[in-house]
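Here is the structure we will look at, set down as structure tokens.
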Amino acid sequence: MAAPLRRVSAPPPEPPAPITPGPIRYLLDLLRPRPALRKWLMAGPVGLWLLLFQGVPLVLILVMSFASRTGTGAIKYDFTVDNYVRFAEPLYLSILVKSIAVALGVTLIALLVGYPLAYFIATQPPEKRTLWLFLVIVPFWTSMLIRTYGWIFLLRGNGLINNVLMGLGLTDQPLNLLHTQGAAMLGLVYMLLPFMVLPIYTSVEKLDGSLIRAAYDLGARPVRTFFSVVMPLTMPGVAAGSVLVMIPSIGLFYVADLLGGAKTVLIGNLIQNQFRQANDWPFGSAVSVILAALTMVLIFLYVRSGGKEEDLL
Amino acid sequence: MSKKRFVAAILLSVLALASLVGCSGSKNQLKLFSWDSYYPEEVLKAFEEEFDAKIVYDKYPSNEDAIAKLRAGGGQYDIVVPSTYAVQMMIKEGLLQPIDLAKIPNIKNIEPEFMNQKHDPGNKYSAPYMWGTYGIAYNAKYVKKAPEKWADLLNPEYKGRIVAVDDGREVMGIGLQALGYSRNVTDPAKLKEAQEWLKPLMPNIKAWDSDNPKAMLISGDAWLGLIWNGDGALAMNENPDIRYVLPKDGGGLWMDSFVVPKGAPNLELAHKFIDFMLRPEIGAKAGVAYPYGMANAEAKKLLPEKVRNNAASYPPKESLKKAEYVEDLGDAAALFDKAFTELKAGK
């Protein structure tokens, strides 16, 4: 095999376009004989960043959760588990249960809305797909907080929706839309919907169309095809999307505050309140640790049930 | 090449460092740590010119934030302007240093009723600036009979029509005062009673909002507001139907004072700033720009009549009889927070 190849007088391969040897490139070349050091230098800055600004604060929160507060709210570092014991009171447990219920509700609605949308986008011709995906992502260009204020303008008594309804004569009094549990849920679903759509989209896109045709050939009707073929094959996307929606929906306190009128205390509000108003940082830290632990349990369950961590990224 | 670049890089970083250092401490600097929207621009400018100083103005949104930052290293500020109970807490924690009233001759302008208060007997640490109240704002278009006492808020006609600041101390204070107690009690049984009293108020609350409660009042979404007077005065300016009253059985008082944190870098200038702010003509400028009460009697005399007669900024004297300051209650603060959280969680 080698001989005939040699006879074909292929032009000598073009030398790769010279890359301007910038200082970083120069450094990396210097380090080529020392791969270990090179690896450290490349991952080091990010690692250091995470250690300083993620790791250290997390450790601080963990330490503080075992401290106690003095009368004025200063922190006393005496080792105590009082803060965790306090969380076991019925009041705080009921807040936790309520938070999980709200998060589950938001996740379910996001799934019901997000799945058809993701399926629709994934089955569009490729050039249209990009446009649709772009439209899903565009809201991220504006801060979530500002978009929440946008909803206030839409929903309030003399807001756009009420004005349109009254202008059309459908209602004669402004409907009470803002500062309801429904408004808070709506806000959360709206904020988190892209996190549901994108993973499902990826799953549907990977779906092999011939499997669906095979199901039809074997006599399955569309409903059966969907539940026996499409659904199981897109489960990784559904699971990843659900985890991605559920975790932040437990913690986004300002949506519940601004759209729900702060009338329901969710666990995010509880934590926020301990730091900003009640001046009880140790208890706030303990609740944060509990929330972080819950999140990890959720991810653990997800991985155990066969989900891939990389789908969450 | 690499050597030259290396040298250049070193030079550049030295330059960057030098410029960072150059930013601080160039001339007479006053570091002011205070609420937002509290000093007219021209007043700060006038101080800078007169004393050849530069004011660096950092802001905080709540007393709790201010205390937390002082705790973490207050030495960097010369002046802080906390409310009464926060002054009390800062003194207790040893975060403040005494002020020298001899260097603040204009302290004589302060109305006597604001001096020598419980939070700082003898004004060893604080010089009063502005004060105000916590009461009831209402829209006379919808609320036909002016509320007179806290219990009037329980009227079922107001279902979902009250906006209230999200503040456990103030809200629990309503229940306590309605029952004839002080809003500064620490007895758990009395707090429990107040919590029971407040339960029927919960369905009337449309929203808890500390940031901008006046918006809902102005738009008519809320008929009543349990708010601080500053928001009340601003709402009245925007919507002539809105009134502000203190209930006969109580109401809240607040007052912000100038204090000097321990380790303040520019002690001399801090005293000069306090004295400057207590000048009648300077105080009057602030009193016109912001809808709060001036604790400065001489400055108040210079205010235009319209400002002085605003019932939200300067409520009639007799309505203040039962109004109380929020005091630091030490460990009992946790009881208030728990009771308020329980109320909100429907327990």
Side-chain angles (χ1 to χ4, degrees), chain A residues 21-23 26-27 30 68-75 86 89-99 149 152-153 155-159 162 174 176-180 183-184 254 256-266 269-270 272-284, chain B residues 1-2 5-6 8-9 61-65 67-68 71 85-86 88-95 159-161 163-169 202-203 205-212 215-216 218-222 328-334 336-347:
Chain A
Y26 177 74
L27 272 175
L30 269 185
S68 61
R69 81 186 276 274
T70 67
T72 50
I75 291 138
R86 183 172 162 201
E89 287 176 27
L91 169 65
Y92 302 114
L93 288 181
S94 74
I95 289 174
L96 178 66
V97 169
K98 175 117 199 185
S99 306
Y149 274 95
I152 293 182
F153 282 97
L155 295 175
R156 65 183 184 182
N158 56 356
N162 269 315
N176 190 20
L177 302 172
L178 190 59
H179 303 124
T180 56
Y254 57 84
D257 270 3
L258 290 171
L259 297 179
K263 277 182 291 189
T264 339
V265 186
L266 299 180
N269 309 81
L270 180 68
Q272 196 258 149
N273 186 53
Q274 297 310 313
F275 284 92
R276 300 296 306 282
Q277 274 215 6
N279 228 331
D280 195 342
W281 290 23
F283 183 55
Chain B
M1 171 224 77
S2 64
R5 277 202 186 188
F6 185 64
S62 76
N63 283 304
E64 286 67 25
D65 283 353
I67 295 173
R71 225 179 253 148
Y85 72 96
Q88 238 174 328
M89 288 162 79
M90 289 174 181
I91 295 173
K92 249 192 226 172
E93 278 192 43
L95 296 170
K159 186 161 185 285
R161 290 298 181 186
V163 59
V165 290
D166 197 358
D167 187 302
R169 283 299 301 273
M202 292 301 117
I205 300 292
K206 178 173 180 58
W208 302 100
D209 182 356
S210 301
D211 297 326
N212 193 12
M216 264 179 256
I218 294 168
S219 70
D221 280 347
D328 169 40
L329 300 180
D331 288 326
F336 276 77
D337 178 61
K338 194 176 168 210
F340 186 46
T341 309
E342 279 180 346
L343 269 176
K344 279 174 138 191
K347 296 206 188 291

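Below, chains carry the letters A, B, ... as their sequence lines are ordered, and counting in each starts from 1.
- Here B/E64 contributes atom CD and A/N279 contributes atom CG; the two are 5.5 Å apart, rounded to the nearest 0.5 Å.
- Separating the CE atom in B/M202 from the NZ atom in A/K263 is a distance of 11.0 Å, to the nearest 0.5 Å.
- Interface remark: B/A333 contributes side-chain atoms only to the contact with chain A (heavy atom separation under 4.5 Å).
- With a threshold of 4.5 angstrom between heavy atoms, A/F283 does not approach chain B through any atom at all.
- In terms of heavy-atom pairs under 4.5 angstrom with chain B, the leader among A/D257, A/N273, A/I95 is A/N273.
- Atoms CG and CG, on A/N176 and B/D221 in that order, are 8.0 Å from each other to the nearest 0.5 Å.
- Between B/R71 and A/T72, the shortest heavy-atom distance links the atoms NH2-O, 3.5 Å.
- Heavy-atom distances place the side chain of A/L270, and not its backbone, under 4.5 Å from chain B.
- In terms of heavy-atom pairs under 4.5 angstrom with chain A, the leader among B/L343, B/D166, B/D328, B/I67 is B/D166.
- Looking at B/M216, only its side chain comes within 4.5 Å of chain A, counting heavy atoms on both sides.
- Contacts of A/N158 with chain B are made by both backbone and side-chain atoms, with heavy-atom separations under 4.5 Å.
- Atoms CG and CD, on B/D337 and A/Q277 in that order, are 8.0 Å from each other to the nearest 0.5 Å.
- For B/K92, the part lying near chain A is the side chain, with the backbone staying farther off; criterion is any non-hydrogen pair under 4.5 Å.
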